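Beneath this line is the structure, given in structure tokens, with notes to follow.
The structure presented is a predicted model; accordingly, all values stated were derived computationally and were not measured.
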Amino acid sequence: MIDLRSDTITRPTEEMRKAAYEAEVGDDVYGEDPTVRRLEEKAAEMLGKEAALFVTSGTQGNQIAVLTHCRPGNEIVLEADSHIFYYESGAVAALAGVQTRTIKGINGAMNPDDVFAAIRGEDQHFPETGLICIENTHNRAGGAIVPASNMRDIYKHAQAHHIPVHVDGARLFNAAAAANCSIQEFTQYSDTVQICLSKGLGAPVGSILAGPEEFIKRARKWRKRLGGGLRQVGIIAAPGLVALTKMTDRLSEDHENARFLAEAIREVDYLTITNSVDTNIVVLEVGALGCSADRFVAALKEKGVLAVTFGPTQVRLTTHYDVSRTDLEKAVEAIIEVREEIKI
């Protein structure tokens, strides 16, 4: 099967498997796992933050950030289709006791003036704005890059009101690779940031939450409360260290493959690419065929290509380390065959 469902399905490289086998380990709850410490120190350095925390997933990293920044009854401001709002099972309400105030962005980017207007004033009737969240790249906007200038303007508003900014940067290294800049061009406009090791970077599991040292100290306790305190975790931190130090430069290959895929599909009648393809996600509109996304995805599966629905008539295709250009050429052939069969 050619698996284009997500970059989360990447398998660890041979180097990652070897690193896991040879990893020095210790009890991380006691702070004694040397491999985890090296990973956290390297991540903090790369992201331009004082400290970092190894967590089990991007969702856990985001939720720990909300729990650490906020208190029950706060409100968080975030984009209407953001992962924290859309795909994390209502966890900010269930766990942190905060409510969300959503802003509809353009290609995932909130207008800084809209963010400013959403910040609550001093009034006993209102919740206090406890946090502003930015997602970069933005998943539901098709892997769109939120420009650093947009983040800067939002950060200025936040600083003026003493409100922290958290970046859900699950694919932030994709943004840096596509913009041909250091990841710190983006992270400098945030107080905390979460990045995934297990998407385009290819590690089997894990994410990083980074920020001020005192914040990470409090976040570590929240990780423990959530059952995220791990023991000889160097076995999975070691592949994460390989991902962080060896896999960021190759992300541009995924972007080139995504553009190749999009350009090939644009030549097919009745199919439309609806996103700008900034990074490694291609969103395909199949409504003109008179079929649903479910039907199109099911037909693709029969031809050996896996994809996911992204709306009633939209299909998401994601390039990653385990998909070659030859695989994509075959995927295009399958897409053309499905289009012909459905149109008939």
Side-chain angles (χ1 to χ4, degrees), residues 47-50 58-59 61-141 144-170 172 175 183-195 209-216 218-219 222:
L47 296 169
K49 302 301 180 186
E50 290 180 353
T59 294
N62 286 336
Q63 293 306 316
I64 289 173
V66 174
L67 285 158
T68 308
H69 279 301
C70 299
R71 62 176 183 269
N74 278 173
E75 183 173 75
I76 63 173
V77 176
L78 69 176
E79 205 278 328
D81 283 333
S82 64
H83 193 280
I84 293 175
F85 178 76
Y86 208 95
Y87 288 125
E88 298 190 9
S89 303
V92 293
L95 302 177
V98 302
Q99 70 179 36
T100 54
R101 190 167 194 186
T102 59
I103 294 173
K104 187 63 179 175
I106 298 176
N107 289 329
M110 297 180 288
N111 186 318
D113 291 338
D114 292 341
V115 174
F116 174 76
I119 295 172
R120 298 289 190 169
E122 291 292 333
D123 189 308
Q124 64 177 329
H125 298 90
F126 299 153
E128 295 166 325
T129 304
L131 183 64
I132 297 168
C133 298
I134 300 170
E135 182 181 337
N136 200 2
T137 63
H138 195 288
N139 178 18
R140 287 195 59 77
I145 299 169
V146 175
S149 57
N150 175 271
M151 295 178 63
R152 178 198 62 214
D153 292 345
I154 290 173
Y155 191 53
K156 285 181 179 178
H157 287 315
Q159 285 185 309
H161 288 83
H162 307 290
I163 298 168
V165 172
H166 172 68
V167 172
D168 174 4
L172 191 58
I183 196 168
Q184 292 188 29
E185 290 293 315
F186 296 99
T187 61
Q188 65 179 316
Y189 302 121
S190 69
D191 296 281
T192 59
V193 57
Q194 177 272 125
I195 60 105
L209 176 62
E213 188 171 353
E214 177 58 32
F215 173 91
I216 293 299
R218 290 184 286 117
W222 272 115

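- Side-chain atoms of H166 and N62 form a donor-acceptor pair, as typed in the model, at a separation below 3.5 Å.
- The local environment of OH in Y87 is crowded, with over 12 non-hydrogen atoms from other residues, nucleotides or ligands closer than 6.0 Å.
- In this structure, a donor-acceptor pair under 3.5 Å is present between the side chains of T192 and H69.
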Evaluate C70 against I76 for side chain to side chain contact (heavy atoms under 4.5 Å, CB included), listing each step before the verdict. CA-CA 8 Å; C70 299; I76 63 173; 3.7 Å; yes

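- The salt bridge (Lys or Arg N to Asp or Glu O under 4.0 Å) pairs that include a residue from residues 61-72 are R71-E128, where partners are two or more places apart or lie in different chains.
- Screening I103, V115, L78, V167 for a side-chain contact (heavy atoms from CB on, under 4.5 Å) with I132, the sole residue that qualifies is V115.
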May I have the step-by-step check of side chain to side chain contact (heavy atoms under 4.5 Å, CB included) for M151 and V146, ending in yes or no? CA-CA 7 Å; M151 295 178 63; V146 175; 4.0 Å; yes

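- A side-chain donor-acceptor contact under 3.5 Å links N150 to the backbone of M110.
- The distance from atom CD1 of I183 to atom CG of N136, rounded to the nearest 0.5 Å, is 9.0 Å.
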Would D81 and K104 count as a side chain to side chain contact (heavy atoms under 4.5 Å, CB included) if you check the C-alpha gap in whole Å, the side-chain angles of each, and the deciding distance to 0.1 Å? CA-CA 7 Å; D81 283 333; K104 187 63 179 175; 2.8 Å; yes

Working for side chain to side chain contact (heavy atoms under 4.5 Å, CB included), residues I216 and E213: CA-CA 5 Å; I216 293 299; E213 188 171 353; 5.9 Å; no

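- Contact record, T102 with A80: CB-CA, 3.7 Å, taken as the closest heavy-atom pair.
- Residues K49 and D191 are not paired through a salt bridge, judged by the lack of any N-O separation under 4.0 Å between the basic side chain and the carboxylate.
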